[in-house]
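Structure record follows, encoded as structure tokens.
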Amino acid sequence: MEDFVERSLELARSDDHVPPEDLPEDRAERQIERLRELVAAHARRYYVHDAPLIADAEYDALYRRLERLEDAFPQFEDPNSPTQRVGGEPLDEFEKVRHPQRLLSLQNAFDAGEVREWYDRCLRGLADTPFEDAAPPALAAELKLDGLAVALTYENGRLARAATRGNGRVGEDITAGARTIQSVPLRLPVPGARRENGTAPPEGPERMEVRGEVFMRKSRFEQLNERLADAGEKPFANPRNAAAGSLRQLDPKVTARRPLSFFAYGTGPIEGDPHPDAQHALMRWLGRMGLPLEEHTARFDDLGEAIAFCERWADARDDLDYETDGVVLKIDDFRRQEALGFISTAPRWAVAYKFPAREATTRLTDIEVNVGRTGAIKPEALLDPVDVGGVTVSQATLHNEDYIRERDIRVGDRVVVKRAGDVIPQVVRAVTEERSGDETPWQMPRQCPACGSELKRLDDEADWFCFNGECPAQFIRLVEHFVSRGGMDIDGLGEKLAVVLVEEGLVEHLSDLYRLSEADLLPLERFAEKRAANLVAAIEASKERPLARLLFALGIRHVGRTVAEDLVANYPSLNDLAHSSKKELEAIDGIGSVIAESIADWFAVDENRRLVDDLRRLGVRTERLPREAPADESSDDDDALPLAGRTLVLTGSLPSGRTRREATDAIEAAGGTVTSSVSGNTDALVAGENPGSKLDEARERGVPVWNEAQMEARLEGKREEA
Ligand code: IVH
């Protein structure tokens, strides 16, 4: 084990050491210094590498001890202490900062031919320079992250200033907000960076500007939106907007709560230390100092290979946990870059190969409304089928009435349809220039399409609702939600079958699912004995799902996965939760009055209470598992989980159709961790269909590769145990 891990554990676990207040000043100072290094090193392992070396509780112990010492010895205050990330007072406005060297933009190339043309222009540009006769210039290739460009200035190894790109010459001072981003180093070299690599990191120049991208991981973005929605706030449209909205916050405390990340991709002015003379080497040099890098960077001597890299990533980009919109190719050698120079705002020596758009235009033939599980009425566009970045799309969401009205989208319009990452397709806008005059504006129906009852729109809601508690469409959606992978995860019971079960009258209440017998199923179409037996067994197995899953599956408004977990951490059983008051609920971290009210209201309905009793009587787990209890009650329970301590990476689409998110949930429930890329810490790669480049990486590194069935087998261990 690494030396700093041992020391950390020693410090974290010993609770008999001298109370910090009683230390002599010189020892306090040394301990503070030491703790700052340890905390920063572990934070880096956690936030940057996604591979912590100590338990969260141990990290917390170190952090608290440091905080206590700093409180007792304010004379050693340092704005670059890891405890000082979350701080700072709200600003009235951002100060403007002039960049010492302009932040440039990039020329674009939309296919391999345009990349070749760009490279030819570079070759011509190098004619009549000392580099004319040398071998064709090598290329650095980097994924182009879709976030916000920032410039971080380090002075004597300390983060002194952070600024947005702005117009390239003048940006905004976002130092306070940037400090709250855990992957932005406050000090360079980052403590612990040396020990990770064996070799000593560069000391770091006196003054250096690091440039890079602030962004939000897709997984964190989803969690953030869930949290915002749970709190009744407006979710962000995409990770980029979420990153921008979070960074440009005058109150750094808000930024601190937003899960932002940072990757470096270059430097501005550097004073002092010598630094590498080529882009790819510069990146490695930055990495050795502890700056976080996107890890799929490469260097190619051959243009064809660089183009192959671009094309490979165009297919594999969905495998990453962050959005990329292209690959940046740069002439690697800085002397050649200098010889090439700039045209207006972009360097000649770099080009952005843009991935094919995931947008297309087609005709909107009709708008249909669907009834959601909560009764919300969702308008959906029916489209002439169109290929959007390799997927045929014939339906897309239109969100709500205001969305359609604000964009003046009409039936018959040509519309732009967009597919972003794993998100469902949406209609972005109408191509109004192409109207013939036959298009018809759309009206939200006044009656529920399923039950005919009158629809209502409440003052502060964007959606119209069907308030009929017995509306069959709502119940079907609820059953679909209940059995879904994120819910009770009943294998073999999908949306189609849910409809049949409800329409055939076999399921009138959720609890009826647990009353289904093989004899009930056999008369249904396409049900042979084996399928019926399998389904009954799958339903039976779902009785043992963790309580948080059941709670989520019940479909209580505002109770997403995160809220369900928070609730279960505070209430050992559904029965306890049912008897809690709105006030008690509100006292829980992360639960506001809207959520509390929704939960209390739900349990106040007789039918819902009966449902809970019914489920319990039928043998469904309504008490939490030991591992669902707060950490200190179950500290060593995790070791018993089948994937405890294992780090897995996912690639390709899983044959069962389960999403990345669902697979991640399952792995985490089994004690494992999922990271976005293969590294020395990866225990196995789970490869589905059309695996990305991660498969090659895993093979190169000798990392075991599992198919979904093999992963399933590992997860099974958990089920038997639970
Ligand atoms: S180089 C040559 N490298 O793309 C100077 N930019 O228009 C241009 N970006 O918003 C920057 N990843 O923040 C460079 N690996 C990368 C990048 C990258 C993302 C962004 C950059 C800027 C835009 C350039």
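Just so you know, ligand 1 is whichever comes first in the structure, and atom 1 is the first atom listed for that ligand. As the structure is a prediction and not an experimental result, all values here were calculated from the model. Positions are given from 1, in the same order as the sequence printed here.
- Val649 pairs with exactly one of Val678, Val705, Val674 by the side-chain contact (heavy atoms from CB on, under 4.5 Å) rule, that one being Val678.
- Taking CD from Glu359 and CD from Gln426, the interatomic distance works out to 9.5 Å, rounded to the nearest 0.5 Å.
- Taking any N or O of Leu104, backbone or side chain, none lies under 3.5 Å from an N or O belonging to ligand 1.
- Here is the list of ligand 1 atoms found below 4.0 Å of a heavy atom in Glu142: 3 (N), 15 (N), 16 (C).
- A 6.0 Å sphere centred on CD of Glu95 holds no more than 12 heavy atoms belonging to other residues, nucleotides or ligands.
- Of the heavy atoms in Arg211, none comes closer than 4.0 Å to ligand 1.
- When only non-hydrogen protein atoms are considered, atom 7 (O) of ligand 1 lies nearest to Leu106 N, 3.3 Å.
- The closest protein non-hydrogen atom to atom 16 (C) of ligand 1 is Tyr265 CG, 3.4 Å.
- Residue-level proximity to ligand 1 for Ala149 is carried by backbone and side chain together, each with a heavy atom below 4.0 angstrom.
- A salt bridge between Asp251 and Lys253 is absent, with no side-chain N of the basic residue lying under 4.0 Å from a carboxylate O of the acidic one.
- The closest approach between Pro347 and ligand 1 falls below 4.0 Å for a heavy atom of the residue.
- No donor-acceptor contact under 3.5 angstrom links the side chains of Gln279 and Gln337, judged on distance only.
- Between the side chains of Arg257 and Gln249, no donor-acceptor pair of N or O atoms lies under 3.5 Å.
- Counting heavy atoms closer than 4.0 Å to ligand 1, residue Trp349 contributes side-chain atoms (C-beta onward) but none from N, CA, C or O.
- A side-chain donor-acceptor contact under 3.5 Å links Arg240 to the backbone of Gly147.
- For the pair Arg165 and ligand 1, the shortest N or O to N or O distance does not fall below 3.5 Å.
- A salt bridge does not link Asp146 to Arg317: none of the charged nitrogens lies less than 4.0 Å from a carboxylate oxygen.
- In summary, the atoms of ligand 1 found under 4.0 Å from a heavy atom of Leu145, numbered by their order in the structure, are 12 (N), 19 (C).
- Of all protein heavy atoms, the one closest to atom 3 (N) of ligand 1 is Lys330 NZ, 3.0 Å.
- In this structure, CG in Leu152 is found 8.0 Å from CG in Leu291, a value given to the nearest 0.5 Å.
- Only the side chain of Glu213 comes within 4.0 Å of ligand 1, judged by heavy-atom distances.
- Using the six-membered ring where Trp is involved, Trp285 and His275 have ring planes that are tilted, between 30° and 60° apart.
- Near Ser105, with a cut-off below 4.0 Å to any heavy atom, the atoms of ligand 1 are 7 (O).
- The backbone of Leu143, and not its side chain, has at least one atom closer than 4.0 Å to an atom of ligand 1 (non-hydrogen atoms only; backbone = N, CA, C, O).
- Looking from atom 4 (O) of ligand 1 to the surrounding protein, the closest heavy atom is Lys144 CE, 3.2 Å.
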